[in-house]
Chemist: 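There's a structure below that I have some questions on.
All ligand and atom numbering here is 1-based and tracks the order in the structure. As the structure is a prediction and not an experimental result, all values here were calculated from the model.
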Amino acid sequence: MKAVVCEKPFELTVVDRPGPVRKDGEVMIRIRRVGLCGTDYHIFGGTQPFLSYPRVMGHELAGEVVDSDGGSSLQAGQLVTINPYLPCNRCIACRKGKPNCCVNVRVMGVHIDGGMTDFVCVPEAAVIPVPGLTPEEAAMVEFLSVGMHAVRRGAITETERVLVAGAGPIGVAVALLARLAGADVSLIDTSQTRLDYARTALGLPHTACVGPELDDWLRARTEGDYFDAVFDATGNAKAMEKGFGYVAHGGRYVLVSVVKDAITFADPEFHKREMQLIGSRNATHHDFRLVIDLIRAGELPTRALQTHAFALHDLPSVVPDLIDSRDGVLKAIASL
Ligand SMILES: [Zn+2]
Ligand SMILES: [Zn+2]
């Protein structure tokens, strides 16, 4: 079978490899679509920590069941997505029902080989049917679920004023899902291109570009109160620090994106607000199921979320272009 291997930073090659052998408890899946995201661009660019090369990338996956154990409820040919966050099922987080932040989590396409290949074998518990979804939609469930997890962590309720910083795929997912939860959503970014797309194609009307007028705009949006909940999806330490100041007194700050730097904040600013600072990591099966239901109900603009399509074997030539034009790329999906 073919696999796209990131041999080392800036080097992607299409190789022939033997297919995987299915073990007991695993399901063999023929991969049909793979979404690309920031993690993949970081792996390609050599800026993803905790990663050894060579690596087969790909954690936003849609595929068809080929084979599973007798007694499995999965049918051959059935379209599924995969929860790529494989938990250990033993650690403190797993025991508390939080496998998304498992101490020993192995993420497909990061710590272990992912789905940019014809066939994978994964534990049956990681396989999630997607009745009524297209293959493209099935490949979008994962990144939308990361947004869903963040919105659930933020416990957004109706009529709350929510600020999302960062209009990349995760920020947009958070914004769309917070709005579905009934919130009044504002979206900010440093890229006017991204904000224009969110406004015109995704139906997120309240956007502002980071600049000298931003603070006036944020105050005007909230009658000077700032926001009940702020979500950071910027991947930028300075932006994360700035976000503390956008939280209303009594509000929550949810950090979705990850940076390797330390971030600092002034305790009086934090304390006087009685702010809740909340991390959000990965997603759970529950988030996947909620997203699948919303997509099936037509509540998410999946066609507009996908901005690019290409064949997986073209990936080595496509990835540098996608990175160069990143402000115009929301979700790129490879077919195979
Ligand atoms: Zn991703
Ligand atoms: Zn665990």
Chemist: Under 3.5 Å, is there a donor on one side chain and an acceptor on the other for T284 and D287?
Modeler: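 Per modelled atom types, T284 and D287 side chains form a pair under 3.5 Å.
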Chemist: For D225 and R161, what are the C-alpha separation, side-chain angles and deciding distance, and is it a salt bridge (charged side-chain N to carboxylate O under 4.0 Å, His left out)?
Modeler: CA-CA 10 Å; D225 288 335; R161 290 179 295 207; 3.2 Å; yes
Chemist: Step by step, would you call I112 with L86 a side chain to side chain contact (heavy atoms under 4.5 Å, CB included)?
Modeler: CA-CA 10 Å; I112 57 173; L86 305 181; 3.6 Å; yes
Chemist: Could you tell me how the ring of F244 sits relative to the ring of Y253: parallel (under 30°), tilted (30 to 60°) or perpendicular (over 60°)?
Modeler: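 Correct class here is perpendicular.
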Chemist: Enumerate the residue pairs fulfilling salt bridge (charged side-chain N to carboxylate O under 4.0 Å, His left out) with a member in residues 305-314, sequence neighbours excluded, ordered by first and then second residue.
Modeler: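 Non-adjacent pairs meeting salt bridge (charged side-chain N to carboxylate O under 4.0 Å, His left out): zero.
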Chemist: Show all protein N/O/S atoms under 2.8 Å from the Zn ion (ligand 1), or state that there are none.
Modeler: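 Near the Zn ion (ligand 1), below 2.8 Å, one finds C37 SG, H59 NE2, E60 OE2.
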Chemist: Mind running salt bridge (charged side-chain N to carboxylate O under 4.0 Å, His left out) on E137 and R296 for me, showing each step along the way?
Modeler: CA-CA 9 Å; E137 288 171 335; R296 190 170 44 240; over 6 Å; no
Chemist: Looking at R17, M28, R22, which one forms a side-chain contact (heavy atoms from CB on, under 4.5 Å) with F119?
Modeler: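 Looking at R17, M28, R22, the match for F119 under the side-chain contact (heavy atoms from CB on, under 4.5 Å) is M28.
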Chemist: Pull up every protein N/O/S atom sitting under 2.8 Å from the Zn ion (ligand 2), skipping waters.
Modeler: C88 SG, C91 SG, C94 SG, C102 SG
Chemist: Dump the intermediate steps for ring pair (Phe, Tyr, Trp, His ring centres under 6.0 Å) on F227 and Y246, then the final yes or no.
Modeler: CA-CA 6 Å; F227 295 86; Y246 302 149; 7.6 Å; no
Chemist: With sequence neighbours left out, which residue pairs that include part of residues 30-39 fulfil the salt bridge (charged side-chain N to carboxylate O under 4.0 Å, His left out) condition?
Modeler: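 Listed once each, the pairs are R32-E64, R33-E136.
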